[in-house]
Amino acid sequence: MVQIETHFKCPVFSMKISEKTTQEDTRSYLSEMSKLINKNESFGLLFDYPEGNLCRERGVVKLETTWFKHYRREFSRQCFGIAIVTKSFFMANVYHHIVQYLAKRTYGCPVNIFENRSDAQRWLMDLYLTPKQ
């Protein structure tokens with residue numbers, strides 16, 4: 001299940017992802033992401049995995065990959081940061097730097113992993129308020 005929230009003080013698209021992410025969930029959040037990109041405004045993303053693990057239905061990765069290929073340039077230009085909140089020890093501590101490096105190369109914006117939402121939101125707000133050089 002994916003719950004989508006938008007924070008208006010800072011344009012952050014927040015998704016709380018629990019249980020198994022379905023193709024229907026994926027289509028829904030990719031549609032919302034497309035709307036964000038079509039507004040041609042900057043935005044941040046907060047992916048919250050309260051269960052700690054990422055579990056996807058078959059076909060979800062293909063939907064995401066196809067969407068990203070279409071929107072890659074705009075996404076990289078408009079997204080000011082991606083925060084991932086997880087309770088997974090391995091993701092937060094062991095794979096942290098690897099995920100940051102690979103995700104930044106893939107998405108073209110800073111990526112960071114947090115153990116709680118408040119730290120993630122603060123980091124995104126700092127990125128949003130920091131002038132681009």
Let me confirm one number: the [atom1]-[atom2] distance from [X] to [Y], rounded to the nearest 0.5 Å.
X: Thr26; Y: Glu57; atom1: OG1; atom2: CD; value: 8.0 Å
X: Ile37; Y: His70; atom1: CD1; atom2: NE2; value: 10.0 Å
X: Gln78; Y: Met33; atom1: CD; atom2: CE; value: 10.0 Å
X: Met15; Y: Leu46; atom1: CE; atom2: CG; value: 9.0 Å
X: Ile84; Y: Asn112; atom1: CD1; atom2: CG; value: 8.5 Å

Taking the side chain as every heavy atom from C-beta outward, state whether [X] and [Y] have any atom pair closer than 4.5 Å.
X: Thr86; Y: Glu115; answer: no
X: Pro110; Y: Phe80; answer: no
X: Val60; Y: Thr22; answer: no
X: Ser42; Y: Tyr128; answer: yes
X: Ile82; Y: Phe47; answer: yes

Nearest heavy-atom pair of [X] and [Y]: which atoms, and what distance?
X: Ala120; Y: Val85; answer: CB-CG2, 3.6 Å
X: Cys79; Y: Cys109; answer: O-CB, 3.2 Å
X: Arg105; Y: Arg72; answer: O-NH2, 3.9 Å
X: Gln23; Y: Arg58; answer: NE2-O, 2.7 Å
X: Val111; Y: Ala103; answer: CG2-CB, 3.6 Å

**OP:** Output all residues satisfying salt bridge (Lys or Arg N to Asp or Glu O under 4.0 Å) with Asp126, sequence neighbours left out; order by chain, then residue number.
**Re:**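 Result, salt bridge (Lys or Arg N to Asp or Glu O under 4.0 Å) vs Asp126: none returned.
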
Subject >> Set of salt bridge (Lys or Arg N to Asp or Glu O under 4.0 Å) partners for Glu64, sequence neighbours left out >> reply: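 Partners of Glu64 by the salt bridge (Lys or Arg N to Asp or Glu O under 4.0 Å) criterion, ordered by chain and then number, come out as Arg56.
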
Subject >> For Tyr71, ring pair (Phe, Tyr, Trp, His ring centres under 6.0 Å) partners two or more places apart >> reply: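 Testing Tyr71 for ring pair (Phe, Tyr, Trp, His ring centres under 6.0 Å), a comparison that skips the adjacent residues, returns Trp67.
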
**OP:** Go through the structure and list residues passing ring pair (Phe, Tyr, Trp, His ring centres under 6.0 Å) with Phe75, not counting sequence neighbours.
**Re:** Phe43, Phe68, Tyr107

Original post:
Is the backbone of Arg27 close enough, under 3.5 Å, to the side chain of Ser31 for a donor and an acceptor to pair up by distance?
Top reply: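 No, Ser31 side chain to Arg27 backbone: no donor-acceptor pair under 3.5 Å.
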
**OP:** For Lys69, check side chain to side chain contact (heavy atoms under 4.5 Å, CB included) against everything at least two apart and list the hits.
**Re:**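 Side chain to side chain contact (heavy atoms under 4.5 Å, CB included) check on Lys69 returns Thr65.
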
**OP:** Assess the side chains of Ser28 and Asp25: does a donor N or O sit below 3.5 Å from an acceptor N or O?
**Re:**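 The answer is no; no qualifying pair exists.
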
Original post:
Would you say the side-chain atoms of Arg122 and Asn116 include a donor-acceptor pair closer than 3.5 Å?
Top reply: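 No donor-acceptor contact under 3.5 Å links the two side chains.
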
Original post:
Among pairs that include at least one residue of residues 34-49, which meet salt bridge (Lys or Arg N to Asp or Glu O under 4.0 Å), considering only residues two or more places apart or in two chains?
Top reply: Glu32-Lys35, Asp48-Arg117

**OP:** Using the rule that two of Ile, Leu, Val, Met, Phe, Trp, Tyr join whenever any of their side-chain heavy atoms come within less than 4.5 Å, decide whether Leu45 and Tyr49 are in one cluster.
**Re:** yes

